[in-house]
Enquirer: 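Got a structure here, written out as structure tokens. Questions coming.
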Amino acid sequence: MPTSLDGIRTKFMRRIAVVDSAFDRQLTLARRGFRSDRFALQEGIISQLWQYWCAFCRDIVIASTKGASTRSGIQTTSPYAANSDPEIAFVAKQLASQKNVTTVKPLSGSHLEPTWGDIKKMNLILNGMGCSNGAAMTSAFGAGTLIIDLQTCRNACAHLNLDNIKKVNSFSNRYNMTNTQHPSDVIFWIDPATNDFAWRSWIVEMDVISDLAVV
């Protein structure tokens, strides 16, 4: 029985619900305790959200490439349907790096795989993979904008340096109430379009993209 893309999304949304609950708990602690503790907790949920997003992107690409069932009941196919997961990851790596795919070989480890959650790389992968549901997925992921802010924020937290802090500050004009003591404070910036936290807007965008990608 082919993998259900809707099932992959359901798993993803369950994971999002868990980390979103952690964000709700963090709201009550944000103004109490030591700053170092707060920053560590915020970094943790940001990293978790990003990893869940990357896992969803990886799962939906590999499943669609090998053959999966869309929400509408159509089974997907691709030129790489017979290849293994490590081989498909190799193809994705080549496409994400804008390199030609000639001889297909398996990647020797997951650390060599592309950054699946990167919207720009995802579009390159989807455009080159040749999945029969590629148009729907490309359209879905092409709508992503705010997730790029999450990626920048996560990178700044994981690699704390002046250059990455500047990258975070470069998109602060898209939000309100942008006072920060640490890059992880970005989750509390206010999205003027919704008058809600940046964190919420990131999750809403993930919800919309993932819903459109599995039709």
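Atom set for the values below is all heavy atoms of this structure, side chains included, hydrogens, waters and symmetry mates excluded. The shown structure was predicted, so the numbers you read here are calculated from the model rather than taken from an experiment.
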Enquirer: Locate the shortest heavy-atom distance separating Asn133 from Ser64; write the atom from each residue and the value.
Expert: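 Asn133 and Ser64 have their closest heavy atoms at ND2-OG, 3.1 Å.
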Enquirer: Do Leu150 and Val204 share a hydrophobic cluster, counting only Ile, Leu, Val, Met, Phe, Trp and Tyr and linking them when any side-chain heavy atoms are less than 4.5 Å apart?
Expert: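 Looking at the clustering, Val204 is in a separate group from Leu150.
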Enquirer: Tell me, please, which residues at least two apart from Phe141 pass ring-ring contact (aromatic ring centres under 6.0 Å, His included).
Expert: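 By the ring-ring contact (aromatic ring centres under 6.0 Å, His included) rule, Phe141 matches Trp53.
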Enquirer: Would you mind reporting whether Val19 and Trp199 have side-chain heavy atoms less than 4.5 Å apart?
Expert: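 Sidechains of Val19 and Trp199: in contact.
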Enquirer: Report the distance from atom NE2 of His159 to atom CG of Asn164, rounding to the nearest 0.5 Å.
Expert: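 So the gap between those two atoms works out to 7.5 Å.
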Enquirer: Give, for atom SG of Cys57 and atom CD1 of Ile147, the distance between the pair rounded to the nearest 0.5 Å.
Expert: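 It comes to 7.0 Å.
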Enquirer: Quick check: closest heavy atoms across Thr65 and Cys131, and the distance to 0.1 Å?
Expert: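 It is OG1-SG, 3.5 Å.
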Enquirer: Using a cut-off of 6.0 Å, state whether more than 12 heavy atoms not belonging to Asn173 lie near its atom CG.
Expert: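 Yes.
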Enquirer: Leu212, Trp116: one ILVMFWY side-chain cluster at the under-4.5 Å cut-off?
Expert: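 No, because Leu212 and Trp116 fall into different hydrophobic clusters, even though each may have its own neighbours under 4.5 Å.
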Enquirer: Taking atom CG of Asn195 as the centre, does the number of heavy atoms from other residues, nucleotides or ligands within less than 6.0 Å exceed 12?
Expert: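 Atom CG in Asn195 is not packed in, count stays at 12 or less.
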Enquirer: Would you indicate whether the side-chain heavy atoms of Thr70 and Val215 approach each other to under 4.5 Å?
Expert: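 Counting from C-beta outward, Val215 and Thr70 never come under 4.5 Å.
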Enquirer: Taking everything shown except Lys93 itself, do over 12 heavy atoms lie less than 6.0 Å from its NZ?
Expert: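 Yes, because the 6.0 Å sphere around NZ of Lys93 holds more than 12 heavy atoms from other groups.
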Enquirer: Just verifying a value: how many Å separate Cys153 SG and Ile148 CD1, rounded to the nearest 0.5 Å?
Expert: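 Reported value, rounded in 0.5 Å steps: 14.0 Å.
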Enquirer: Judged by atom type as modelled, is there a donor-acceptor pair below 3.5 Å linking the side chain of Asp211 to the main-chain atoms of Asp207?
Expert: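 No.
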Enquirer: Could you tell me which non-hydrogen atom of Val168 sits nearest to which non-hydrogen atom of Ala156, and how far apart they are?
Expert: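 Smallest heavy-atom distance, with atoms named: CG2-CB, 3.6 Å.
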Enquirer: Under 4.5 Å between side-chain heavy atoms, counting indirect links through other Ile/Leu/Val/Met/Phe/Trp/Tyr residues: same cluster for Ile190 and Trp202 or not?
Expert: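 Ile190 and Trp202: one cluster.
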Enquirer: Take Phe12 and Met206 through the side-chain contact (heavy atoms from CB on, under 4.5 Å) test and state the conclusion after the steps.
Expert: CA-CA 10 Å; Phe12 171 58; Met206 289 179 181; 3.9 Å; yes
Enquirer: Say you draw a straight line from SG of Cys157 to CD1 of Ile46; how long is it, rounded to the nearest 0.5 Å?
Expert: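 Those atoms lie 4.0 Å apart.
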Enquirer: So that I can tick it off, tell me whether Asp149 and Arg174 are bridged by a salt bridge, with the cut-off set at under 4.0 angstrom between side-chain N and carboxylate O.
Expert: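 Judged by the 4.0 Å cut-off on N to carboxylate O distance, Arg174 and Asp149 do form a salt bridge.
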Enquirer: Could you see if Leu27 belongs to whatever hydrophobic cluster contains Ile16? Use Ile, Leu, Val, Met, Phe, Trp, Tyr and a side-chain cutoff under 4.5 Å.
Expert: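 In one cluster: yes.
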Enquirer: When you measure from the side chain of Gln94 to the backbone N and O of Val91, does any donor-acceptor pair fall under 3.5 Å?
Expert: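 No, Gln94 side chain to Val91 backbone: no donor-acceptor pair under 3.5 Å.
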Enquirer: Hey, what do you get for CZ (Arg200) to CD1 (Ile187), rounding to the nearest 0.5 Å?
Expert: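 Answer for the CZ-CD1 pair, Arg200 versus Ile187, is 10.0 Å.
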Enquirer: Is a side-chain donor or acceptor of Asp191 paired with a backbone partner of Ala193 at a separation under 3.5 angstrom?
Expert: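 Yes; at least one donor-acceptor contact below 3.5 Å.
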Enquirer: Before accepting this row, confirm whether a basic side-chain N of the pair Lys11/Asp6 lies closer than 4.0 Å to the acidic partner's carboxylate O.
Expert: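 No, this pair does not count.
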Enquirer: Check Phe188 against Phe23 and note the closest heavy-atom contact, atom names and distance.
Expert: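 Closest approach of Phe188 to Phe23, heavy atoms only: CE2-CE1, 3.7 Å.
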Enquirer: Is there a donor-acceptor pair closer than 3.5 Å between any side-chain N or O of Ser69 and the backbone N or O of Thr3?
Expert: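 Between the backbone of Thr3 and the side chain of Ser69 there is no qualifying donor-acceptor contact (under 3.5 Å).
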Enquirer: Any side-chain to backbone donor/acceptor pair from Glu205 onto Leu146? Under 3.5 Å, distance only.
Expert: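 Yes; judged by distance alone, with no hydrogens or angles, the pair exists.
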Enquirer: For the pair Ser21 (side chain) and Ala17 (backbone), establish whether a donor and an acceptor sit closer than 3.5 Å, ignoring hydrogens and angles.
Expert: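 Indeed, once roles are kept as given, a pair shorter than 3.5 Å links the two residues.
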Enquirer: Take Arg15 and Leu49, measure what side-chain contact (heavy atoms from CB on, under 4.5 Å) needs, and give me the verdict at the end.
Expert: CA-CA 8 Å; Arg15 286 178 160 184; Leu49 181 63; over 6 Å; no
Enquirer: Out of the candidates His182, Glu43, Gln181, only one should pair with Arg38 under the side-chain hydrogen bond (donor to acceptor under 3.5 Å, both in side chains) rule; please name it.
Expert: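 It is Gln181; the other options fail the test.
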Enquirer: Indicate if Val208 and Ile203 have the same hydrophobic cluster label, given that clusters are the connected sets of ILVMFWY residues with side-chain heavy-atom separations under 4.5 angstrom.
Expert: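 No, it is not one cluster - the side chains of Val208 and Ile203 are not joined through contacts under 4.5 Å.
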Enquirer: What pairs of residues pass the salt bridge (charged side-chain N to carboxylate O under 4.0 Å, His left out) test when at least one of them lies in residues 51-61, not counting sequence neighbours?
Expert: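 Every salt bridge (charged side-chain N to carboxylate O under 4.0 Å, His left out) pair that includes a residue of residues 51-61, provided the two are not neighbours, is Arg58-Glu113.
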Enquirer: Can you see which heavy atom on Leu95 is nearest to which on Leu124, and at what distance?
Expert: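 Heavy atoms only, the tightest pair is O-CB, 3.6 Å.
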Enquirer: Does this structure show an ion pair linking Asp20 with Arg25, if we count only N-O contacts that are shorter than 4.0 Å?
Expert: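 A salt bridge is absent here (no side-chain N lies under 4.0 Å from a carboxylate O).
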Enquirer: Of the non-hydrogen atoms in Ser201 and Thr194, which two are nearest, and what is the gap between them?
Expert: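 Smallest heavy-atom distance, with atoms named: OG-OG1, 3.5 Å.
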Enquirer: Is the side chain of Ser78 donor-acceptor paired with the backbone N or O of Tyr80 at a distance under 3.5 Å, no angle test?
Expert: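 Yes, Ser78 side chain to Tyr80 backbone: donor-acceptor pair under 3.5 Å.
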Enquirer: Just to verify, what does Tyr175 make a ring-ring contact (aromatic ring centres under 6.0 Å, His included) with, not counting sequence neighbours?
Expert: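 If we apply the ring-ring contact (aromatic ring centres under 6.0 Å, His included) test to Tyr175, skipping adjacent residues, the hits are Trp189.
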Enquirer: Drop me the distance from Asp163's CG to Asn155's CG, to the nearest 0.5 angstrom.
Expert: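 So the gap between those two atoms works out to 12.5 Å.
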Enquirer: Is Phe56 close to Cys54 at the side-chain level, that is, under 4.5 Å between some pair of heavy atoms?
Expert: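 Of all side-chain heavy-atom pairs linking Phe56 with Cys54, none is under 4.5 Å.
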Enquirer: Could you check whether any side-chain heavy atom of Asp85 comes within less than 4.5 Å of a side-chain heavy atom of Lys66, counting everything from C-beta outward?
Expert: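 Yes - at least one pair of side-chain heavy atoms lies under 4.5 Å apart.
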